[in-house]
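Since the structure comes first, as C-alpha coordinates, the remarks are kept for the end.
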There are 2 protein chains.
Amino acid sequence: MFIKIDLTSDVPIYVQIKNAIIEGIARGELKEGDSLPPIRQLAEDIGVNMHTINKAYNLLKDLGFITINKKYGAVIQVEGFNGAFMESLKEELRPIITEAFVKGMDRDAFIKLVEGIYDDFGGRRNE
Amino acid sequence: MFIKIDLTSDVPIYVQIKNAIIEGIARGELKEGDSLPPIRQLAEDIGVNMHTINKAYNLLKDLGFITINKKYGAVIQVEGFNGAFMESLKEELRPIITEAFVKGMDRDAFIKLVEGIYDDFGGRRNE
DNA sequence: ATATTTGTTATATATATTATATAACAAATA
DNA sequence: TATTTGTTATATAATATATATAACAAATAT
(Lines give C-alpha, C1' and ligand atoms only; values in the text may rest on other atoms or scores of the structure.)
Protein backbone atom coordinates (compact mmCIF):
# COMPACT_ATOMS: atom_id res chain seq x y z
CA MET A 1 0.00 0.00 0.00
CA PHE A 2 1.59 3.21 -1.16
CA ILE A 3 -0.58 6.04 0.03
CA LYS A 4 0.69 9.59 0.05
CA ILE A 5 -1.22 12.06 2.19
CA ASP A 6 -1.20 15.77 1.44
CA LEU A 7 -1.65 17.46 4.80
CA THR A 8 -2.04 20.86 3.13
CA SER A 9 -4.99 19.66 1.03
CA ASP A 10 -8.52 20.68 1.90
CA VAL A 11 -9.56 17.09 1.17
CA PRO A 12 -9.90 15.30 4.54
CA ILE A 13 -7.25 12.65 5.21
CA TYR A 14 -9.81 9.83 5.49
CA VAL A 15 -11.20 10.80 2.06
CA GLN A 16 -7.70 10.86 0.56
CA ILE A 17 -7.18 7.34 1.90
CA LYS A 18 -10.52 6.19 0.54
CA ASN A 19 -9.63 7.64 -2.89
CA ALA A 20 -6.18 6.05 -2.88
CA ILE A 21 -7.61 2.60 -2.20
CA ILE A 22 -10.20 2.90 -4.97
CA GLU A 23 -7.38 4.05 -7.26
CA GLY A 24 -5.48 0.94 -6.24
CA ILE A 25 -8.40 -1.21 -7.34
CA ALA A 26 -8.74 0.69 -10.61
CA ARG A 27 -5.05 0.24 -11.39
CA GLY A 28 -5.26 -3.47 -10.68
CA GLU A 29 -2.93 -3.28 -7.68
CA LEU A 30 -5.77 -4.40 -5.44
CA LYS A 31 -7.99 -7.24 -6.58
CA GLU A 32 -11.24 -8.80 -5.41
CA GLY A 33 -10.52 -10.92 -2.36
CA ASP A 34 -7.36 -9.03 -1.40
CA SER A 35 -7.11 -7.93 2.21
CA LEU A 36 -6.26 -4.38 3.23
CA PRO A 37 -3.75 -3.91 6.05
CA PRO A 38 -5.07 -3.84 9.63
CA ILE A 39 -6.07 -0.31 10.62
CA ARG A 40 -3.29 0.05 13.21
CA GLN A 41 -0.63 -1.07 10.77
CA LEU A 42 -1.74 1.22 7.94
CA ALA A 43 -2.07 4.05 10.45
CA GLU A 44 1.55 3.64 11.48
CA ASP A 45 2.70 3.21 7.86
CA ILE A 46 1.34 6.52 6.70
CA GLY A 47 1.65 8.32 10.00
CA VAL A 48 -1.94 9.06 10.93
CA ASN A 49 -4.27 8.02 13.72
CA MET A 50 -5.93 4.63 13.86
CA HIS A 51 -9.40 6.18 13.84
CA THR A 52 -8.69 8.02 10.63
CA ILE A 53 -8.02 4.72 8.87
CA ASN A 54 -11.06 3.19 10.54
CA LYS A 55 -13.18 6.03 9.18
CA ALA A 56 -11.79 5.52 5.68
CA TYR A 57 -12.44 1.76 5.79
CA ASN A 58 -16.02 2.23 7.02
CA LEU A 59 -16.62 4.78 4.27
CA LEU A 60 -15.33 2.27 1.72
CA LYS A 61 -17.71 -0.29 3.19
CA ASP A 62 -20.66 2.11 2.99
CA LEU A 63 -19.77 2.92 -0.63
CA GLY A 64 -19.69 -0.78 -1.47
CA PHE A 65 -16.00 -1.35 -2.17
CA ILE A 66 -15.01 -3.61 0.73
CA THR A 67 -16.47 -5.86 3.37
CA ILE A 68 -15.25 -5.80 6.96
CA ASN A 69 -15.38 -8.53 9.54
CA LYS A 70 -13.17 -9.63 12.38
CA LYS A 71 -12.31 -12.90 10.70
CA TYR A 72 -10.87 -11.62 7.45
CA GLY A 73 -10.52 -7.90 8.14
CA ALA A 74 -11.14 -5.48 5.30
CA VAL A 75 -11.47 -7.33 2.01
CA ILE A 76 -11.92 -5.88 -1.46
CA GLN A 77 -15.40 -6.79 -2.68
CA VAL A 78 -16.98 -4.35 -5.09
CA GLU A 79 -20.72 -3.95 -5.37
CA GLY A 80 -21.66 -3.11 -8.93
CA PHE A 81 -23.37 0.19 -9.62
CA ASN A 82 -27.08 0.54 -8.99
CA GLY A 83 -29.72 3.23 -9.16
CA ALA A 84 -28.65 4.91 -5.93
CA PHE A 85 -25.07 5.12 -7.13
CA MET A 86 -26.16 6.62 -10.45
CA GLU A 87 -28.18 9.26 -8.63
CA SER A 88 -25.35 10.35 -6.35
CA LEU A 89 -23.00 10.28 -9.33
CA LYS A 90 -25.25 12.65 -11.22
CA GLU A 91 -25.53 14.96 -8.24
CA GLU A 92 -21.77 15.09 -7.87
CA LEU A 93 -21.15 15.55 -11.55
CA ARG A 94 -23.74 18.20 -12.32
CA PRO A 95 -22.17 21.24 -10.58
CA ILE A 96 -18.75 20.32 -11.96
CA ILE A 97 -20.00 20.12 -15.52
CA THR A 98 -22.03 23.28 -15.09
CA GLU A 99 -18.96 25.24 -14.01
CA ALA A 100 -16.96 23.94 -16.96
CA PHE A 101 -19.77 24.76 -19.39
CA VAL A 102 -20.17 28.29 -18.07
CA LYS A 103 -16.43 28.84 -18.35
CA GLY A 104 -16.69 28.04 -22.03
CA MET A 105 -15.57 24.43 -22.06
CA ASP A 106 -17.66 22.66 -24.67
CA ARG A 107 -19.02 19.13 -24.51
CA ASP A 108 -16.31 17.59 -26.65
CA ALA A 109 -13.49 19.13 -24.64
CA PHE A 110 -15.04 17.81 -21.43
CA ILE A 111 -15.47 14.37 -22.90
CA LYS A 112 -11.84 14.38 -24.02
CA LEU A 113 -10.87 15.04 -20.42
CA VAL A 114 -13.01 12.14 -19.23
CA GLU A 115 -11.51 9.85 -21.87
CA GLY A 116 -8.03 10.83 -20.77
CA ILE A 117 -8.74 9.77 -17.19
CA TYR A 118 -10.43 6.56 -18.31
CA ASP A 119 -7.37 5.76 -20.42
CA ASP A 120 -5.25 5.84 -17.25
CA PHE A 121 -6.94 2.58 -16.33
CA GLY A 122 -5.96 1.33 -19.73
CA GLY A 123 -7.35 -1.83 -21.22
CA ARG A 124 -8.20 -2.97 -17.75
CA ARG A 125 -11.54 -4.65 -17.59
CA ASN A 126 -13.87 -5.04 -14.67
CA GLU A 127 -15.21 -8.54 -14.25
CA MET B 1 -33.55 34.43 -8.15
CA PHE B 2 -35.15 31.11 -7.33
CA ILE B 3 -32.81 29.27 -5.01
CA LYS B 4 -34.01 26.29 -3.04
CA ILE B 5 -31.88 25.26 -0.09
CA ASP B 6 -31.88 21.69 1.22
CA LEU B 7 -31.11 22.00 4.92
CA THR B 8 -30.80 18.22 5.24
CA SER B 9 -28.08 18.06 2.58
CA ASP B 10 -24.46 17.55 3.56
CA VAL B 11 -23.57 20.20 0.99
CA PRO B 12 -22.98 23.48 2.89
CA ILE B 13 -25.61 26.17 2.27
CA TYR B 14 -23.11 28.64 0.83
CA VAL B 15 -21.98 25.99 -1.68
CA GLN B 16 -25.59 25.24 -2.64
CA ILE B 17 -26.09 28.97 -3.28
CA LYS B 18 -22.88 29.14 -5.33
CA ASN B 19 -24.03 26.14 -7.40
CA ALA B 20 -27.51 27.59 -7.94
CA ILE B 21 -26.10 30.84 -9.28
CA ILE B 22 -23.75 29.07 -11.69
CA GLU B 23 -26.73 26.96 -12.79
CA GLY B 24 -28.61 30.21 -13.40
CA ILE B 25 -25.83 31.39 -15.69
CA ALA B 26 -25.74 28.05 -17.50
CA ARG B 27 -29.50 28.13 -18.09
CA GLY B 28 -29.30 31.66 -19.43
CA GLU B 29 -31.36 33.12 -16.59
CA LEU B 30 -28.37 35.17 -15.51
CA LYS B 31 -26.31 36.93 -18.16
CA GLU B 32 -23.01 38.77 -18.24
CA GLY B 33 -23.51 42.19 -16.70
CA ASP B 34 -26.52 41.19 -14.64
CA SER B 35 -26.45 42.15 -10.98
CA LEU B 36 -27.13 39.68 -8.21
CA PRO B 37 -29.40 40.82 -5.36
CA PRO B 38 -27.77 42.59 -2.40
CA ILE B 39 -26.61 40.08 0.19
CA ARG B 40 -29.14 41.18 2.82
CA GLN B 41 -32.03 40.94 0.37
CA LEU B 42 -31.12 37.48 -0.91
CA ALA B 43 -30.52 36.37 2.67
CA GLU B 44 -34.06 37.35 3.63
CA ASP B 45 -35.52 35.87 0.44
CA ILE B 46 -34.17 32.39 1.05
CA GLY B 47 -34.18 32.59 4.83
CA VAL B 48 -30.51 32.36 5.70
CA ASN B 49 -27.98 34.62 7.33
CA MET B 50 -26.38 37.56 5.54
CA HIS B 51 -22.90 36.14 6.06
CA THR B 52 -23.83 32.91 4.34
CA ILE B 53 -24.71 34.84 1.18
CA ASN B 54 -21.57 36.91 1.56
CA LYS B 55 -19.51 33.74 1.70
CA ALA B 56 -21.20 32.36 -1.42
CA TYR B 57 -20.62 35.62 -3.33
CA ASN B 58 -16.96 35.75 -2.35
CA LEU B 59 -16.52 32.13 -3.39
CA LEU B 60 -18.08 32.96 -6.78
CA LYS B 61 -15.65 35.85 -7.05
CA ASP B 62 -12.67 33.61 -6.22
CA LEU B 63 -13.85 31.07 -8.80
CA GLY B 64 -14.07 33.78 -11.44
CA PHE B 65 -17.83 34.01 -12.01
CA ILE B 66 -18.60 37.47 -10.66
CA THR B 67 -16.98 40.73 -9.70
CA ILE B 68 -17.89 42.58 -6.53
CA ASN B 69 -17.60 46.27 -5.77
CA LYS B 70 -19.60 48.73 -3.76
CA LYS B 71 -20.65 50.68 -6.82
CA TYR B 72 -22.34 47.90 -8.79
CA GLY B 73 -22.56 45.11 -6.24
CA ALA B 74 -22.12 41.54 -7.44
CA VAL B 75 -22.11 41.39 -11.22
CA ILE B 76 -21.93 38.34 -13.45
CA GLN B 77 -18.59 38.39 -15.23
CA VAL B 78 -17.18 35.00 -16.15
CA GLU B 79 -13.47 34.41 -16.48
CA GLY B 80 -12.83 31.83 -19.18
CA PHE B 81 -11.11 28.62 -18.19
CA ASN B 82 -7.35 28.56 -17.79
CA GLY B 83 -4.68 26.10 -16.75
CA ALA B 84 -5.42 26.38 -13.06
CA PHE B 85 -9.09 25.65 -13.64
CA MET B 86 -8.25 22.62 -15.80
CA GLU B 87 -6.01 21.26 -13.05
CA SER B 88 -8.61 21.58 -10.31
CA LEU B 89 -11.22 20.17 -12.66
CA LYS B 90 -9.08 17.09 -13.25
CA GLU B 91 -8.49 16.68 -9.52
CA GLU B 92 -12.21 16.85 -8.81
CA LEU B 93 -13.13 14.56 -11.66
CA ARG B 94 -10.57 11.84 -11.16
CA PRO B 95 -11.89 10.19 -7.97
CA ILE B 96 -15.44 10.33 -9.32
CA ILE B 97 -14.51 8.61 -12.56
CA THR B 98 -12.37 6.10 -10.73
CA GLU B 99 -15.27 5.06 -8.52
CA ALA B 100 -17.55 4.69 -11.53
CA PHE B 101 -14.95 2.65 -13.41
CA VAL B 102 -14.33 0.31 -10.48
CA LYS B 103 -18.06 -0.20 -10.11
CA GLY B 104 -18.16 -1.45 -13.67
CA MET B 105 -19.37 1.63 -15.49
CA ASP B 106 -17.58 1.74 -18.81
CA ARG B 107 -16.30 4.79 -20.62
CA ASP B 108 -19.23 5.08 -23.00
CA ALA B 109 -21.81 4.86 -20.23
CA PHE B 110 -20.03 7.62 -18.33
CA ILE B 111 -19.81 9.80 -21.41
CA LYS B 112 -23.53 9.30 -22.04
CA LEU B 113 -24.16 10.62 -18.54
CA VAL B 114 -21.99 13.67 -19.23
CA GLU B 115 -23.77 14.29 -22.53
CA GLY B 116 -27.12 14.12 -20.76
CA ILE B 117 -26.11 16.85 -18.35
CA TYR B 118 -24.60 19.00 -21.13
CA ASP B 119 -27.85 18.65 -23.05
CA ASP B 120 -29.69 20.28 -20.14
CA PHE B 121 -27.99 23.50 -21.20
CA GLY B 122 -29.27 22.83 -24.68
CA GLY B 123 -28.10 24.73 -27.68
CA ARG B 124 -26.99 27.49 -25.40
CA ARG B 125 -23.66 28.92 -26.40
CA ASN B 126 -21.13 30.71 -24.27
CA GLU B 127 -19.71 33.82 -25.89
C1' DA C 1 -27.62 67.81 3.62
C1' DT C 2 -29.62 63.66 5.45
C1' DA C 3 -31.08 59.11 5.50
C1' DT C 4 -30.71 54.75 3.39
C1' DT C 5 -28.39 51.08 1.14
C1' DT C 6 -24.24 48.81 -0.04
C1' DG C 7 -20.27 45.53 0.74
C1' DT C 8 -17.06 44.92 4.42
C1' DT C 9 -15.18 43.95 8.89
C1' DA C 10 -15.34 42.65 13.74
C1' DT C 11 -17.11 39.91 17.74
C1' DA C 12 -19.53 36.36 19.69
C1' DT C 13 -21.92 32.01 19.99
C1' DA C 14 -23.31 27.29 18.66
C1' DT C 15 -22.90 23.09 16.23
C1' DA C 16 -20.64 19.76 13.28
C1' DT C 17 -16.53 17.83 11.21
C1' DT C 18 -11.94 16.34 11.26
C1' DA C 19 -8.06 14.42 13.67
C1' DT C 20 -5.66 12.80 17.48
C1' DA C 21 -4.95 10.29 22.02
C1' DT C 22 -6.00 6.53 25.35
C1' DA C 23 -8.37 2.87 26.88
C1' DA C 24 -11.01 -1.06 26.94
C1' DC C 25 -13.89 -4.92 24.84
C1' DA C 26 -14.92 -9.34 22.35
C1' DA C 27 -13.63 -12.42 18.83
C1' DA C 28 -10.10 -14.61 16.29
C1' DT C 29 -5.31 -16.05 15.85
C1' DA C 30 -0.65 -17.53 17.12
C1' DT D 1 -2.20 -17.73 27.16
C1' DA D 2 -0.73 -13.77 24.78
C1' DT D 3 -1.40 -11.20 20.66
C1' DT D 4 -3.97 -9.22 17.02
C1' DT D 5 -8.24 -7.85 15.17
C1' DG D 6 -12.19 -4.55 14.45
C1' DT D 7 -15.10 -2.05 17.53
C1' DT D 8 -16.65 1.15 20.98
C1' DA D 9 -16.17 4.79 24.39
C1' DT D 10 -14.18 9.25 26.17
C1' DA D 11 -11.70 13.21 25.79
C1' DT D 12 -9.39 17.04 23.59
C1' DA D 13 -8.26 20.33 19.93
C1' DA D 14 -8.61 22.68 15.61
C1' DT D 15 -11.34 23.92 11.81
C1' DA D 16 -15.64 24.65 9.17
C1' DT D 17 -20.33 26.03 9.00
C1' DA D 18 -24.07 29.04 10.32
C1' DT D 19 -26.20 32.51 12.91
C1' DA D 20 -26.60 37.06 15.49
C1' DT D 21 -25.35 41.95 16.25
C1' DA D 22 -22.93 45.81 15.44
C1' DA D 23 -20.37 49.13 13.23
C1' DC D 24 -17.77 51.25 9.21
C1' DA D 25 -17.04 53.66 4.73
C1' DA D 26 -18.67 54.49 0.23
C1' DA D 27 -22.44 55.12 -2.80
C1' DT D 28 -27.29 56.24 -3.63
C1' DA D 29 -31.80 58.27 -2.88
C1' DT D 30 -34.72 61.69 -0.97
Side-chain angles (χ1 to χ4, degrees), chain A residues 1 3-21 30 33-77 88 91-92 95, chain B residues 1 3-21 30 33-77 88 91-92 95:
Chain A
M1 293 296 308
I3 297 177
K4 285 173 198 161
I5 299 303
D6 177 5
L7 293 171
T8 72
S9 170
D10 55 339
V11 179
I13 296 173
Y14 77 97
V15 175
Q16 292 186 46
I17 293 165
K18 176 217 79 174
N19 289 342
I21 288 168
L30 290 168
D34 284 356
S35 284
L36 296 176
I39 54 177
R40 288 172 179 82
Q41 184 186 313
L42 184 56
E44 203 173 8
D45 276 10
I46 63 184
V48 300
N49 191 270
M50 184 195 77
H51 296 293
T52 306
I53 307 292
N54 193 241
K55 199 168 180 179
Y57 279 13
N58 276 285
L59 178 55
L60 282 163
K61 186 185 72 180
D62 292 343
L63 293 173
F65 290 97
I66 66 174
T67 57
I68 306 177
N69 60 67
K70 277 186 189 167
K71 214 165 188 175
Y72 304 103
V75 178
I76 307 291
Q77 192 172 343
S88 67
E91 272 175 38
E92 270 187 298
Chain B
M1 293 294 310
I3 298 177
K4 286 173 197 161
I5 298 304
D6 178 5
L7 292 172
T8 74
S9 169
D10 56 339
V11 180
I13 297 174
Y14 76 97
V15 175
Q16 292 186 45
I17 294 166
K18 177 217 78 174
N19 288 342
I21 288 167
L30 290 169
D34 283 356
S35 284
L36 296 176
I39 54 178
R40 287 171 180 84
Q41 183 186 314
L42 184 56
E44 203 174 8
D45 276 12
I46 64 185
V48 300
N49 190 271
M50 183 195 77
H51 295 293
T52 306
I53 307 293
N54 192 241
K55 200 169 180 179
Y57 278 12
N58 276 285
L59 178 54
L60 283 164
K61 185 185 72 178
D62 292 342
L63 293 173
F65 290 97
I66 67 175
T67 57
I68 306 177
N69 61 66
K70 276 186 189 167
K71 212 164 187 175
Y72 303 104
V75 178
I76 308 292
Q77 192 172 345
S88 67
E91 272 175 39
E92 271 187 298

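The chains referred to below are lettered A, B, ... by the order of the sequence lines, with proteins before strands, and numbering in each begins at 1.
- If you measure from atom NZ of B/Lys71 to atom P of C/dT8, you get 16 Å, rounded to the nearest angstrom.
- The interatomic distance linking A/Asn58 (CG) with C/dA19 (C1') rounds to 16 Å, in whole Å.
- Between B/Ile53 atom CD1 and D/dT19 atom C1' the separation is 12 Å, expressed in whole Å.
- Phosphate proximity of D/dG6 to A/Asn69: absent, as no side-chain N or O sits under 4.0 Å from OP1 or OP2.
- We find that NZ of A/Lys18 is positioned 13 Å from P of C/dA19, with the value rounded to whole Å.
- Rounded to whole Å, the distance from CG on A/Asn49 to C1' on C/dT17 is 15 Å.
- Proximity of A/Ile53 to A/Ile46: side-chain heavy atoms (C-beta onward) are separated by under 4.5 Å at one or more points.
- Contact of the B/Asn49 side chain with the B/Asn54 side chain is not registered, since no non-hydrogen atoms from C-beta on lie closer than 4.5 Å.
- For the pair B/Ile39/B/Tyr57, a side-chain contact is recorded, criterion being any heavy-atom separation below 4.5 Å from C-beta on.
- A straight line from OH of A/Tyr72 to P of C/dT29 spans 7 Å, rounded to a whole angstrom.
- In terms of phosphate contacts, A/Thr52 brings a side-chain nitrogen or oxygen within less than 4.0 Å of OP1 or OP2 of C/dT20.
- Side-chain N/O atoms of A/Lys55 include none lying less than 4.0 angstrom from OP1 or OP2 on C/dA19.
- In this structure, the CG atom of B/Leu7 is 14 Å from the P atom of C/dA16, given to the nearest Å.
- The residue among A/Val15 and A/Lys70 whose nearest nucleotide of DNA chain C lies closer to the 5′ end is A/Val15.
- Using a 4.0 Å heavy-atom distance criterion, B/Ile68 is classed as a sugar-phosphate-only contact.
- With D/dA27, C/dT20, D/dT5 as the candidates, the nucleotide lying closest to the side chain of A/Ile13 is C/dT20.
- At whole-Å resolution of the value, CG in B/Leu59 and P in D/dA18 are 12 Å apart.
- Side-chain contact between B/Leu7 and B/Ile13: present, with at least one pair of heavy atoms (C-beta onward) separated by less than 4.5 Å.
- Looking at B/His51, its side chain comes within 3.5 Å of the base of D/dT21 through a donor and an acceptor atom.
- The partner of C/dT29 is D/dA2, by the rule that a Watson-Crick or G-U pair needs both atom distances under 3.5 Å.
- For A/Met50, whose side chain is taken as the heavy atoms from C-beta onward, the closest listed nucleotide among C/dA28, C/dG7, C/dA23 is C/dA23.
- The base of D/dT21 does not come close enough to the side chain of B/Arg40 for any donor and acceptor atom to sit less than 3.5 Å apart.
- Across all strands shown, C/dT8 pairs with D/dA23; the Watson-Crick or G-U wobble distances both stay below 3.5 Å.
- Dashed line: the shortest gap from a side-chain N or O of B/Tyr14 to OP1 or OP2 of D/dT17 is under 4.0 Å.
- Side chains of A/Leu63 and A/Lys18 form a contact here, defined as non-hydrogen atoms less than 4.5 Å apart.
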